[in-house]
Amino acid sequence: MSFRATDDGWLDMINPAHAVIVGAGIAGTAVGLFLRRIGWRVTVLEARPPRERPLGSHLSLADNGRTVLRDLGLLAAVDAAGTPTDRISFYDHRGREIGSNNQVSTLIRRDRLGEVLREAARGAGVRIVEGERVVGLRDDGHDRVVATLADGSSHSGDLLIGADGVHSYTRRTMFPEHPPARFTGALDGGGSAPRVDGIAPDGVLRLTFGANAFFGYQALPDGEVVWFQSLLTGEVEVVAGPRADPMDRWRQRLVELHGSDHPPIPAIIDASTGPIIRWPVHDLVPPARWSRGRMCLVGDAAHAMPPHDGQSSSMALEDALVLARCLASAEDVGDAFVRFQQLREPRVATVAGLARRTGSLKFPTGARERRARDAVLTMFMRAGVAASEDVSRYRLRWPTDSHAAARSAPDQAGRPAARTGPGDSPG
C-alpha cells in the first residue's frame with residue numbers, strides 16, 4: 001500500500017481501499033473515522049431515516065470510551081453535549097450507600113453522541129447513506145463485497161464491516177446457522193422530571209438495587225433529573241426494539257415497583273413528564289468467528305454487551321480503534337480480521353462477565369431472594385467497583401505518527417493503565 005501525507009496529519013492512499021460499513025451507530029461511525037485516518041474511502045449504510053434519531057435515552061460513557069474519543073479529537077464536543085459525572089454511588093433499597101466509583105464519566109443521550117460522531121465522520125470525508133436498508137450481501141471470494149439495498153441499488157467495497165447491532169443482518173447473512181439474540185426478560189426504560197424538590201446538580205450518578213427493580217438518576221446542570229430503570233417483564237410484544245410511551249401509561253407500574261424504595265425515587269417518578277423510552281435487553285452468544293471472507297462484525301453485532309455495567313458504547317469505541325489498527329498493519333484483510341478477534345475476545349469476555357454478574361442482582365423475584373441479595377450486596381459491590389474501575393482504566397492508543405499506524409503491529413493496542421488516579425492517562 002502507498003500513502004501520501006495530508007496537511008492535517010492523516011494519510012491518503014494513492015489507490016485507496018474502500019470500506020462499506022453497515023450501521024451508522026457508535027461502532028460504525030467510529031470505525032469510519034479511524035479508517036479515514038489511514039486514507040481509506042468509507043461508505044456507511046444506515047437503515048434508520050434521520051427523523052427516527054431522537055428515539056434514545058441517556059447512557060453513561062466510561063473513561064475507557066472517553067479515551068478513544070479524545071484520540072479522535074471529539075471528547076470536548078461529547079462532553080459539551082453531555083453532563084460530567086464525577087462519581088457513581090450505589091445504594092440498597094433502604095438508601096444505604098454500599099459502594100462508590102470515583103471514575104470520571106459522561107452522561108449523554110445516545111442520539112447526541114451519535115450526532116457528534118456522524119458530524120465528525122462527514123467532516124472527515126465519510127459518506128453516510130441514511131434511510132437505506134441492506135437486503136443482500138455478497139462476497140464472491142475475489143476482490144469486492146457487494147451490499148444491495150431495498151431500492152435495488154448497491155454499494156461495493158474491498159471489505160464490509162457489520163456494525164448493525166444485536167439483531168445484525170450482517171451476522172445472520174454470514175452465519176445463518178448461528179442462534180439469534182435472546183430476549184432476557186429484562187426491560188430497560190428512561191425518562192426525566194423537569195425538577196424534583198431536594199435534588200440539586202452535584203455530578204453524582206446514583207444507582208439503587210431496589211426492592212423489586214433497579215433505578216438510577218442524575219440531576220443535570222439546569223435542574224432536570226434524568227433517570228433510567230430496569231425490570232423483569234413477561235411482555236413479549238416489546239422485544240422488537242426501542243419505543244416511546246406516554247409516562248402516564250407507565251406511572252402506576254413504576255410506583256408499584258419502586259414505592260418501597262428510598263427517597264427521592266418515588267418523588268422522581270411522581271414528578272416525571274413526557275415520554276418514557278423503553279427497550280428490551282437481549283443477550284447474544286458470540287459466534288465462534290467474527291469474520292468470514294471479506295466481511296467482519298464489530299460492536300454489538302459481534303458480541304452484544306449487557307447494559308448492566310455501562311460499557312456497551314465504550315466497548316464499541318474500543319473495537320473501532322483496534323479493528324482499524326489491525327487493517328492498517330496487515331497485508332491481508334482476512335489476517336487483519338482474525339487478529340482483531342484475537343485481541344478483543346479476552347477483553348470482551350471479561351467485561352461482559354462483569355456486566356452479567358451485576359445484572360444478576362438487579363431483579364429479586366421475592367422477599368426471600370431480596371434478603372439473600374441484600375446480604376451480599378456490600379461485599380459484591382466492593383469487588384465489583386474495583387473490577388469496574390480496572391475496566392475503565394483500560395487505555396487504547398492510536399500512534400501519534402500516522403505513518404506508524406500503517407505499519408505497526410497492534411499487539412500492544414490496549415492495556416490497563418496504572419492505578420494512578422481517576423482520569424489519568426499514562427502514555
Smallest separation among heavy atoms of A120 and L74, with atom names: CB-CD2, 3.6 Å
In the structure I gave you, are the side-chain heavy atoms of R325 and L323 within less than 4.5 Å of one another anywhere? no
Pick one: which of L137, V22, V134, V135 meets side-chain contact (heavy atoms from CB on, under 4.5 Å) with T173? L137
OG (S392) and CG (N102) are apart, to the nearest 0.5 Å, by 11.5 Å
Looking at D188 and R278, is there a salt bridge between them, counting it only when a charged N and a carboxylate O are closer than 4.0 Å? no
Please report the closest heavy-atom contact between R172 and H167, naming both atoms and the distance. NH1-O, 2.6 Å
Take atom CZ of R133 as the centre, draw a 6.0 Å sphere, and report whether it contains more than 12 heavy atoms from other residues, nucleotides or ligands. no
Quick one: are V226 and L107 in side-chain contact, heavy atoms under 4.5 Å? yes
One pair to check against side-chain contact (heavy atoms from CB on, under 4.5 Å): L160 and T170. What are the steps and the verdict? CA-CA 9 Å; L160 183 139; T170 309; 3.8 Å; yes
Those residues that, when tested against E46, pass salt bridge (Lys or Arg N to Asp or Glu O under 4.0 Å) (two or more places apart): none
Minimum heavy-atom separation for L317 and A30, please, with both atom names. CD2-CB, 3.8 Å
side-chain hydrogen bond (donor to acceptor under 3.5 Å, both in side chains) filter on S192, not counting sequence neighbours, yields E224
I need the L187 CG to L232 CG distance, nearest 0.5 Å. 9.5 Å
Can you tell me how far the CG atom of L59 sits from the OG atom of S312, to the nearest 0.5 Å? 8.5 Å
Evaluate the side-chain contact (heavy atoms from CB on, under 4.5 Å) criterion for residues I269 and M247: first the C-alpha distance (whole Å), next the side-chain angles of each, then the deciding distance (0.1 Å), finally the verdict. CA-CA 9 Å; I269 295 171; M247 179 64 198; 4.2 Å; yes
Show your reasoning for whether salt bridge (Lys or Arg N to Asp or Glu O under 4.0 Å) applies to D63 and R395. CA-CA 9 Å; D63 205 38; R395 296 293 181 266; 2.9 Å; yes
Less than 4.5 Å apart, any side-chain heavy atom of Y91 and any of D261? no
Decide yes or no on side-chain hydrogen bond (donor to acceptor under 3.5 Å, both in side chains) for Q311 and N64, but give the supporting numbers first. CA-CA 9 Å; Q311 277 289 334; N64 51 310; 2.9 Å; yes
From F363 CZ over to F209 CZ, what is the distance, rounded to the nearest 0.5 angstrom? 10.0 Å
Should D139 and R292 count as an ion pair when the cut-off is N to O under 4.0 Å? no
Hey, does D111 have a side-chain heavy atom less than 4.5 Å from the side chain of L113? no
Return yes if a side-chain donor-acceptor contact under 3.5 Å exists between T106 and R66, otherwise no. yes
Contacts under 3.5 angstrom, residues 283-290 side chains, donor-acceptor by atom type, not counting sequence neighbours:
unit_1 : atom_1 : unit_2 : atom_2 : d
D283   : OD1    : R356   : NH2    : 2.8
D283   : OD2    : R356   : NE     : 3.0
R289   : NE     : S291   : O      : 3.4
R289   : NH2    : S291   : O      : 3.2

What is the distance from atom CG of N101 to atom CZ of F90, rounded to the nearest 0.5 Å? 6.0 Å
side-chain hydrogen bond (donor to acceptor under 3.5 Å, both in side chains) between S89 and R87, intermediate numbers included: CA-CA 6 Å; S89 291; R87 185 173 82 253; 3.1 Å; yes
Just by distance, no angles: are the side chains of D319 and H303 close enough, under 3.5 Å, to form a donor-acceptor pair? yes
Hydrogens and angles aside, do H18 and T43 bring a side-chain donor and acceptor to less than 3.5 Å of each other? yes
Using a 6.0 Å distance limit plus a 45 degree cone around the ring axis, check whether R347 lies over the aromatic ring of Y394. yes
In this structure, which one of L33, V126, V78 forms a side-chain contact (heavy atoms from CB on, under 4.5 Å) with L117? L33
Atom pair CG (L45) and CZ (R127), whose distance is rounded to the nearest 0.5 Å: 8.0 Å
From CA spacing to verdict: salt bridge (Lys or Arg N to Asp or Glu O under 4.0 Å), E130, R122: CA-CA 12 Å; E130 297 182 273; R122 290 190 179 97; 2.8 Å; yes
Are the charged groups of R118 and E115 less than 4.0 angstrom apart, N to O? yes
Close side-chain approach of L327 to F34, heavy-atom, < 4.5 Å: no
Start with the C-alpha gap between V298 and F340, add the side-chain angles, then the distance that decides, and say whether side-chain contact (heavy atoms from CB on, under 4.5 Å) holds. CA-CA 10 Å; V298 68; F340 164 66; 4.1 Å; yes
With distance as the sole criterion, is a donor-acceptor pair present between the side chains of H58 and Q218 under 3.5 Å? no
With side-chain contact (heavy atoms from CB on, under 4.5 Å) as the criterion, how do I276 and L254 come out once you've worked through the C-alpha distance, each side chain's angles and the decisive distance to 0.1 Å? CA-CA 11 Å; I276 173 174; L254 294 176; 4.3 Å; yes
How are the rings of H282 and F183 set relative to one another: parallel (under 30°), tilted (30 to 60°) or perpendicular (over 60°)? tilted
Salt bridge flag under 4.0 Å for residues D158 and R41: no
Taking all heavy atoms of S272 and all of W227, pick out the closest pair and write down the distance. OG-NE1, 2.9 Å
Minimum-distance pair of heavy atoms, taken over all atoms of G210 and P364: O-CG, 4.1 Å
Just checking E97: does its CD atom have more than 12 heavy atoms from other residues, nucleotides or ligands closer to it than 6.0 angstrom? yes
